[in-house]
Amino acid sequence: MKIVDARVIVCSPDRNFVTLKLQTSSGLTGVGDATLNGRELSVASYLQDHVCPLLIGRDGACIEDTWQYLYKGGYWRGGPVGMTAIAAVDMALWDIKGKTADLPVFELLGGKSRDAVLVYGHANGATAPEVLEWVGRYLDEGYRAVRVQCGVPGLQSTYGVSADKRSYEPADADVPTENLWSSERYLSFIPGVLESVRKHHGFDFHLLHDVHHRLRPIEAAELGKRLEPYRLFWLEDPVPAELQEGFRLIRQHTTTPLAVGEVLPTVWDFRTLITEQLIDYVRTSVQRAGGISHLRKIAALAELYHVRMGCHGATDLSPVTMAAALHVDVSIPNFGIQEYMPHTEATYEVFPRAYAFRDGCLHLSDAPGLGVDIDEAAAARYPYRRAYLPVNRLEDGTMHSW
Ligand code: CS2
Ligand code: MG
């Protein structure tokens, strides 16, 4: 079963997506997501110019060997661009493998460990009363886990807080928007918001919060400690993830569970975090971390150290990634939770999918392969538009971690 065609499709139904479509001599096709938010065309070129020519004529059945060939053969290992490109190839080959066997991919990963995938929704608001209202709406809709983000008094805009309460689209401009940040203002305000969420809505659901990499370790330690009474499911990205040793300091001071790693692409980037048990949840994704094949290795290492998986699932990960993530989530033993932000109707028109939200969970169908596709005619109606993630500055103008 040779790969006879490899095409990169770039489209923008409300946001940009890069999709790889492979075709085999047996007539089957497979899709993979190669979207790298704010840097989309770099992965499109990496695939088109440097990977697709290597795929034509290869045996499409050899998923692991193709992964190793692209990872080791590239010489320049790792990095977000290369790992996203490899992820797209890997997803497409698993899709084809499933279709060849006429089985959903989760059956090839060992079968189901659970019936459905617990997800969390996103309640964000400019003010605390707005947040409380939206937490209530999510609970009424059956969500069992809700992430809470709130605007901070004195700061004009805050990352993760938007007019749209179902999802938010941070890549919002063709030059980066500039946000202001103050750890002092944030730290004196946010514990009160989480306290009022528990006061109004109780403890009978999972409560999550994302710091978006903005604190220093000692500040994060203080925050974790102050949030303990509100029993968070997790506190996400309290500090930038690349300094793995920084988590030792946070861990010494707080029992609030920590989730990290939506920006980390390889198992090596997680090694200290996992083996020293510095975190509780791994946040990377099928799309960021080299596809199903490599994510499973990260999950297996995490399993040994009692760390669970909580994959990234914002809207810059296309429905192809969401479908692929669900196959991993439903099959691994150390699943924790899956992030879920519904895509827009235009996005679902381009990517017909076979998963659905019900009772606080996402449910997969038994469709062979990943159970998702790309409608190329629909995609062609939505051309690429340059869009950047915002940058973040301190009040004195200093560039800060976004
Ligand atoms: C966020 C994302 O979903 C999350 O947890 O941190 O909004 C993230 O910042 C974007 O996906 C970046 O592309
Ligand atoms: Mg995050």
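All residue numbers refer to positions in the sequence shown, counting from 1. Ligands are counted one by one from 1 in listed order, and the atoms in each one are counted from 1 as well.
For the residue pair D316 and T35, no side-chain donor N or O sits within less than 3.5 Å of a side-chain acceptor on the partner. In the model, Y382 has a side-chain atom that pairs as donor or acceptor with a side-chain atom of E349 under 3.5 Å. Y281 and R308 share a donor-acceptor pair across their side chains, judged by distance under 3.5 Å alone. There is a side-chain donor-acceptor pair under 3.5 Å between R358 and H363. Inspection of the D210 and H212 side chains reveals an N or O donor paired with an N or O acceptor under 3.5 Å. For the residue pair S183 and R216, no side-chain donor N or O sits within less than 3.5 Å of a side-chain acceptor on the partner.
Every atom of ligand 1 with a heavy atom of H212 under 4.0 Å away is listed here by number and element: 1 (C), 6 (O). Under a 4.0 Å criterion applied to the non-hydrogen atoms of D210, ligand 1 contributes the atoms 1 (C), 4 (C), 5 (O), 6 (O). Close contacts of ligand 1 with E236, meaning ligand atoms under 4.0 Å from a residue heavy atom, involve 5 (O). Listed by number with element, the atoms of ligand 1 under 4.0 angstrom from any heavy atom of A314 are 3 (O), 11 (O). Near N37, meaning under 4.0 Å from one of its heavy atoms, ligand 1 places the atoms 12 (C), 13 (O).
Residues satisfying the side chain to side chain donor-acceptor pair (under 3.5 Å) test with H327, not counting sequence neighbours, are none.
A centroid separation of less than 6.0 Å is found between the aromatic rings of F351 and F17. Separation of the F203 and H201 ring centroids does not fall under the 6.0 Å cut-off.
Under 4.0 Å from ligand 1, not a single heavy atom of R39 appears.
Panel detail: the Mg ion (ligand 2) has protein N, O or S atoms under 2.8 Å away, 3 in number.
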Could you give me the CA-CA distance, side-chain angles and deciding distance for T344 and T347, then say whether side chain to side chain donor-acceptor pair (under 3.5 Å) is met?
-> CA-CA 5 Å; T344 63; T347 298; 3.0 Å; yes
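Any N or O atom pair closer than 3.5 Å counts here, and Y120 shares no such pair with ligand 1. In terms of polar-atom proximity, H122 is not counted as a contact of ligand 1, lacking any N or O under 3.5 Å from an N or O of the ligand.
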